[in-house]
Chemist: 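The structure's right below; bear with me while I get my questions together.
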Amino acid sequence: MTNHVVPSESLLRGRRATEFIEGITLLNDLEWNESIEKWILHCSLFSDKIEADILPKETEWYILIDNEYPKGSISFYPAKVNSFTQTFPHQMYNGEGNKAYPWRSGMLCLDTNVRTLGRFITNNEPFEEDKRLNWYVERAIYWLIAASLNNLTIDDEPFELVDFPEYSGLKLGFLENYQSFRYWNSTDIKFGIVEFSLILPGTFLVRHFKKPNGQCFREINWGQYASQFKCDNRVIGSWILLKEVPFLEPWQAPSTWEELEAVCDKQGIDLLKKINLLKNKQNYRNKLAHILLVGFPIRNKLSDEDSEIFWKGIEIPILFDFKAGFKRTHLKEKEVITNKSTHHINKYRKINWMHSFNWSKESIMSRGMLPKSLCNSKVLQIGAGSLGASVGELLIRGGVEKLGITDFDLLEMGNITRHTLLINDIDKYKAQSLADKLNRSSLHSKVTSFNGTLQYNLNHNSKELEKYNIILDCTGEDEVLGYLENYTWPHPKRFVSVSLGFGGKRLFFFNSMGLNFPNEIFKEMIRPWLIKEQDHYQGYTFPREGLGCWHPLFPARTDDIWIMAATAVKKLERIHQEQDVPILSVYEQQVTNGAFEGLKLVEEVKFNG
């Protein structure tokens, strides 16, 4: 460590404030580490309340502090000497760490999410220069006390997965939820073969779970884009389901094969026996990778029952021999080709844990999802113009899986101004290009395009169209609404027509239920607004594109269309709660003295004729 940077006065005040905390001793003053661009404070932490049978009463630590203090990060790492090697809850895997640094990898989790520390010191993190570092130091001391007393967690807090040391550069995506958990609980099959597809360089999706004899018993239902990637036969896959999370006390992931074998043995599972059985069932010739999935049940909260299976991938050297008793031998090139002999691995060799993620829709969309009633609907969208494209994208990104899009038009350069499609989609069918884009927007979307007019598709693809339960018109065109009026669906449909007023300043949202679209009722309800629009913009010169004989263009900026598209989706959230009578809702932009003030629902009328 070398000092090339002078600590700020704020940082010096923060450091001086720690001298008044009982339980900390500064062993070295602040030193700047150029390689990680952090300030390093070497100290020891002490408390008589620490249970000495679990942790030493005094341990050494390295505090890593951002140069922007009191902003930035503050991290606590146990020293490689005079500290401890266990991993506890609310701590990263406490391994040896980088050889270049005197601290281990087991960073403490001290932020406000560790609610148990709030019993000793407030969970409200201060940001004053003389208080913030103190807050972290005091929480670190209380963390040590709680860890030694097995009090780091409380029953109603979210479950925290043990931190696996991920040495593999590969990623793995799987799909599990509470429904699949019930399935796993109902089957006696606890190990077998698994197949993957490669969707990105180094990123695998779980596709099929098979019995040891190769018979498929569970196929993962991904979306249209993800499903187009075939299973990669260059990858060997095995899976084994454990009874609980694999961990060493107090809360440490196994990092070597010996540790993993011991953990499985404690659960009554003979890991090597099962893997060897699977190994004999598979052909290792000309394979690029071998992935072992280790599954185990997890829960949402510590006080809850198990509700989901989590799969952690292990990248295994393709010539790993479990029969050899974990020995190391030399391997000849000929042996690789014939697959007769194999590379034996020392039992102390580190496990190449992979980065593993649950990519179920519930997990991916935990940031926010549309209501389940809408997500589970099958929506047929008529129109893939600028409004339709925006509405469709919001629906798919909101969690709607099954969306059909019908449109006859090709994308032109002028459309790009406010369309979500791109230049490389020019001269292609809007419906097809939009469906392709939306399918690439989600692992779970199943968007189907129906190129051509609505009339054509009703005549030639009626069986496919009749599968949808929401008919969403985004054209507002009389001809389209006429077709919907004249076509009788075999089952009642929820009809929605979304259209914009002049300049995108108004949104007209019409909603009804029936076997036909009630076009005459719609016209009657919207007519007063159309008259108002015509009177307001009478004499307006419409923009045009090109020279000579031309068609007027609908004037509306992209931001106006996106605002109205988002409003339409907000309104769609409630359609299953609406009455079956036709309803017209009108939203209007509010502008005062040139300042935009938002949208307002200016009218909502139910048809009572």
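Starting from 1, each residue takes its place in the sequence as its number. Since the model is a prediction, treat every value here as computed from it, not as a measurement.
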Chemist: Please, which pairs that meet ring-ring contact (aromatic ring centres under 6.0 Å, His included) have at least one residue in residues 151-170, sequence neighbours excluded?
Modeler: Phe164-Trp353

Chemist: If the condition is salt bridge (charged side-chain N to carboxylate O under 4.0 Å, His left out), which residues does Arg574 pass it with, not counting sequence neighbours?
Modeler: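 If we apply the salt bridge (charged side-chain N to carboxylate O under 4.0 Å, His left out) test to Arg574, skipping adjacent residues, the hits are Glu578.
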
Chemist: Report the residues that fulfil side chain to side chain contact (heavy atoms under 4.5 Å, CB included) with Glu157, sequence neighbours left out, ordered by chain and then residue number.
Modeler: His90, Arg115, Thr153, Ile154, Leu302

Chemist: Using a strict 4.0 Å threshold on nitrogen-to-oxygen distance, state whether Glu166 and Lys312 make a salt bridge.
Modeler: yes

Chemist: Which residues satisfy the side chain to side chain contact (heavy atoms under 4.5 Å, CB included) test with Ser238, sequence neighbours excluded?
Modeler: Leu278, Gln282, His290, Leu292

Chemist: Any sub-3.5 Å donor-acceptor pair from Asn461's side-chain atoms to Glu464's backbone N or O?
Modeler: no

Chemist: Taking only residues two or more places apart in sequence or in another chain, which ones pass side chain to side chain contact (heavy atoms under 4.5 Å, CB included) with Leu599?
Modeler: Ile563, Met564, Thr567, Gln589

Chemist: Which class fits the ring pair Tyr136 and Phe76: parallel under 30°, tilted 30 to 60°, perpendicular over 60°?
Modeler: parallel

Chemist: Check side-chain hydrogen bond (donor to acceptor under 3.5 Å, both in side chains) between Asn151 and all other residues, then give those that pass, not counting sequence neighbours.
Modeler: none

Chemist: Excluding sequence neighbours, so at least two apart, what forms side chain to side chain contact (heavy atoms under 4.5 Å, CB included) with Thr448?
Modeler: Gln224, Phe450, Tyr468

Chemist: Just list the side-chain donor-acceptor pairs under 3.5 Å for residues 202-210, sequence neighbours left out, or say none.
Modeler:
unit_1: Arg207; atom_1: NH1; unit_2: Ser197; atom_2: OG; d: 3.3
unit_1: Arg207; atom_1: NH1; unit_2: Phe229; atom_2: O; d: 2.4
unit_1: His208; atom_1: ND1; unit_2: Glu195; atom_2: OE1; d: 3.0
unit_1: Lys210; atom_1: NZ; unit_2: Glu195; atom_2: OE2; d: 2.8

Chemist: How are the rings of Tyr183 and Phe217 set relative to one another: parallel (under 30°), tilted (30 to 60°) or perpendicular (over 60°)?
Modeler: parallel

Chemist: With a 3.5 Å distance limit and no angle check, can you tell me whether Ser360 reaches the backbone of Asn177 through a side-chain donor-acceptor pair?
Modeler: no

Chemist: Sequence neighbours left out, what pairs pass salt bridge (charged side-chain N to carboxylate O under 4.0 Å, His left out) with at least one residue falling in residues 439-450?
Modeler: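 Those involving residues 439-450 do not exist here.
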
Chemist: In chain order, what residues pass the salt bridge (charged side-chain N to carboxylate O under 4.0 Å, His left out) check against Glu68, with sequence neighbours excluded?
Modeler: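 None.
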
Chemist: Asp560: which residues meet the salt bridge (charged side-chain N to carboxylate O under 4.0 Å, His left out) condition with it, sequence neighbours left out?
Modeler: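 Asp560 satisfies salt bridge (charged side-chain N to carboxylate O under 4.0 Å, His left out) with Lys505 once adjacent residues are dropped.
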
Chemist: Indicate the ring-plane relationship of Phe357 and Trp359, choosing parallel, tilted or perpendicular according to the 30° and 60° boundaries.
Modeler: parallel

Chemist: Taking 4.0 angstrom as the limit, do Lys430 and Asp409 come out as a salt bridge?
Modeler: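 Yes.
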
Chemist: Quick check: do Gln86 and Gln91 have side-chain heavy atoms less than 4.5 Å from each other?
Modeler: no

Chemist: Using distance only, find each side-chain donor-acceptor pair of residues 387-395 under 3.5 Å and give its atom names and separation, not counting sequence neighbours.
Modeler:
unit_1: Ser390; atom_1: OG; unit_2: Ser386; atom_2: O; d: 2.9
unit_1: Ser390; atom_1: OG; unit_2: Trp562; atom_2: NE1; d: 3.3
unit_1: Glu393; atom_1: OE1; unit_2: Lys437; atom_2: NZ; d: 3.0
unit_1: Glu393; atom_1: OE2; unit_2: Arg397; atom_2: NE; d: 2.9
unit_1: Glu393; atom_1: OE2; unit_2: Arg397; atom_2: NH2; d: 3.2

Chemist: Spell out, as yes or no, whether a donor-acceptor pair under 3.5 Å connects the side chain of Ser433 to the backbone of Tyr429.
Modeler: yes

